[in-house]
Amino acid sequence: MSVGNEWAGPTAPPQAAHLSVRKIKKRFGGVEALRGIDFEVRRGEVMALVGDNGAGKSTLMKTIAGAIRADEGNFFLDGAEVDIATPHDATDLGIQIVYQDLALCENLDVSANLFLGHEPTRPGWNFLPRALRPLDDLAMEARAQDAVARLQVRTLQSIRSKVGGLSGGQRQAIAIARAVGAESTVVLLDEPTAALGVAQTKQVLDVVKRLRETNHAVVYISHNLRDIFEVSDRITVLRHGSNVAVYETADTNPDEIVVAMTRGFDGISDRVA
Ligand SMILES: Nc1ncnc2c1ncn2[C@@H]1O[C@H](COP(=O)(O)OP(=O)(O)OP(=O)(O)O)[C@@H](O)[C@H]1O
Ligand SMILES: [Mg+2]
């Protein structure tokens, strides 16, 4: 087992990490949701984030995505400190989050959903403000095809299908494809398979593997240890708002993870360094 908290200080994040966060704290009233968390993910890696209910997983994700402002702490991309105060900051840095409730538009087709808010516009209309330029349907369709093909979203009949008619697995895959279509390098997935059956879960796990192959840094939250062992390279365990351990998935097993997630309610950290 390696440990979660071994960095020297705020100016020396490890070289290999694409995204790293240091000493992130977040309090909600009397609840200390994050107690000085250190966390990192590399490119071409799926980092699973596990912990019992209320451990702080979603809160950590949301601070990285700029949806929640951390009370304290530092964010680094490729070793350089960055400021993440708003969702816009995170998007500009190539960080995308996919929530479980996907915020897709049921009445629009897959292609339109992929480009919500950043649709390509037709050339030659640049004299108009962006919002008034006609949409470039052909470019949009080509790029949607490309995103769906790149992630190999299976069983999708057509990018012209209305999202309202898709299965949960297909929707989740489309939401992920949308995040990836926006020039992202970090993809944060908060329980993408929680509501899905076996076949749909497999579809989403395949997309997550494709994200690793396309050199994204992927953070994957799930309560399903079987999925985690299938898809992750490393596993970070949170307990009561602290990072208590980081494992190489190949070097651990589900029993060890469960012990790390739940070890007593003693408030004693497992950290060695
Ligand atoms: N907006 C909020 N307002 C107040 N308390 C919050 C808020 N968001 C989270 N919390 C609290 O912070 C703690 C961590 O919550 P968080 O949602 O990050 O846990 P989690 O690890 O994602 O749990 P789960 O597995 O149940 O999704 C919990 O005690 C939760 O009640
Ligand atoms: Mg959560």
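Numbering of ligands and ligand atoms starts at 1, following listing order.
Using a 4.5 Å heavy-atom cutoff, the side chains of Ile37 and Leu238 are in contact. The shortest side-chain heavy-atom distance between Ile235 and Ile257 falls under the 4.5 Å cut-off. In this structure, the side chains of Tyr220 and Pro192 come closer than 4.5 Å at one or more pairs of heavy atoms. Here the side chains of Asp38 and Val21 are not in contact, with every heavy-atom distance at 4.5 Å or above. A 4.5 Å side-chain heavy-atom check between Phe28 and Thr59 finds at least one atom pair inside the cut-off. Using a 4.5 Å heavy-atom threshold, the side chains of Ile97 and Met61 count as touching.
When only interatomic distances are considered, the shortest N/O to N/O separation between Gly51 and ligand 1 does not fall below 3.5 Å.
Shortest contact from atom 27 (O) of ligand 1 to any protein heavy atom: Glu191 OE2, 3.7 Å. When only non-hydrogen protein atoms are considered, atom 15 (O) of ligand 1 lies nearest to Thr59 OG1, 3.7 Å. For atom 9 (C) of ligand 1, the closest heavy atom belonging to the protein is Phe28 CE1, 3.4 Å. For atom 12 (O) of ligand 1, the closest heavy atom belonging to the protein is Ala33 CB, 3.4 Å. When only non-hydrogen protein atoms are considered, atom 14 (C) of ligand 1 lies nearest to Gly54 O, 3.4 Å. From the protein, the heavy atom lying nearest to atom 17 (O) of ligand 1 is Ser58 CB, 3.8 Å.
At least one protein heavy atom sits closer than 4.0 Å to atom 23 (O) of ligand 1. Protein non-hydrogen atoms do not reach within 4.0 Å of atom 30 (C) of ligand 1.
In summary, Asn53 places no N/O/S atom under 2.8 Å from the Mg ion (ligand 2), failing the contact criterion.
Every atom of ligand 1 with a heavy atom of Asp52 under 4.0 Å away is listed here by number and element: 21 (O). In the vicinity of Asn53, heavy-atom distances shorter than 4.0 Å reach the ligand 1 atoms 23 (O), 24 (P), 25 (O), 26 (O).
Using a 4.0 Å cut-off between heavy atoms, Leu60 makes no contact with ligand 1 at all.
Taking a 4.0 Å cut-off on heavy atoms, His223 registers as neighbouring ligand 1.
Residues Asp190 and Ser58 have side chains that bring a donor and an acceptor to within less than 3.5 angstrom of each other. No hydrogens or angles considered: nothing links the side chains of His216 and Thr185 as a donor-acceptor pair under 3.5 Å.
Of the possible polar contacts, one joining the Thr86 side chain to the Asp89 backbone as a donor-acceptor pair under 3.5 Å is found.
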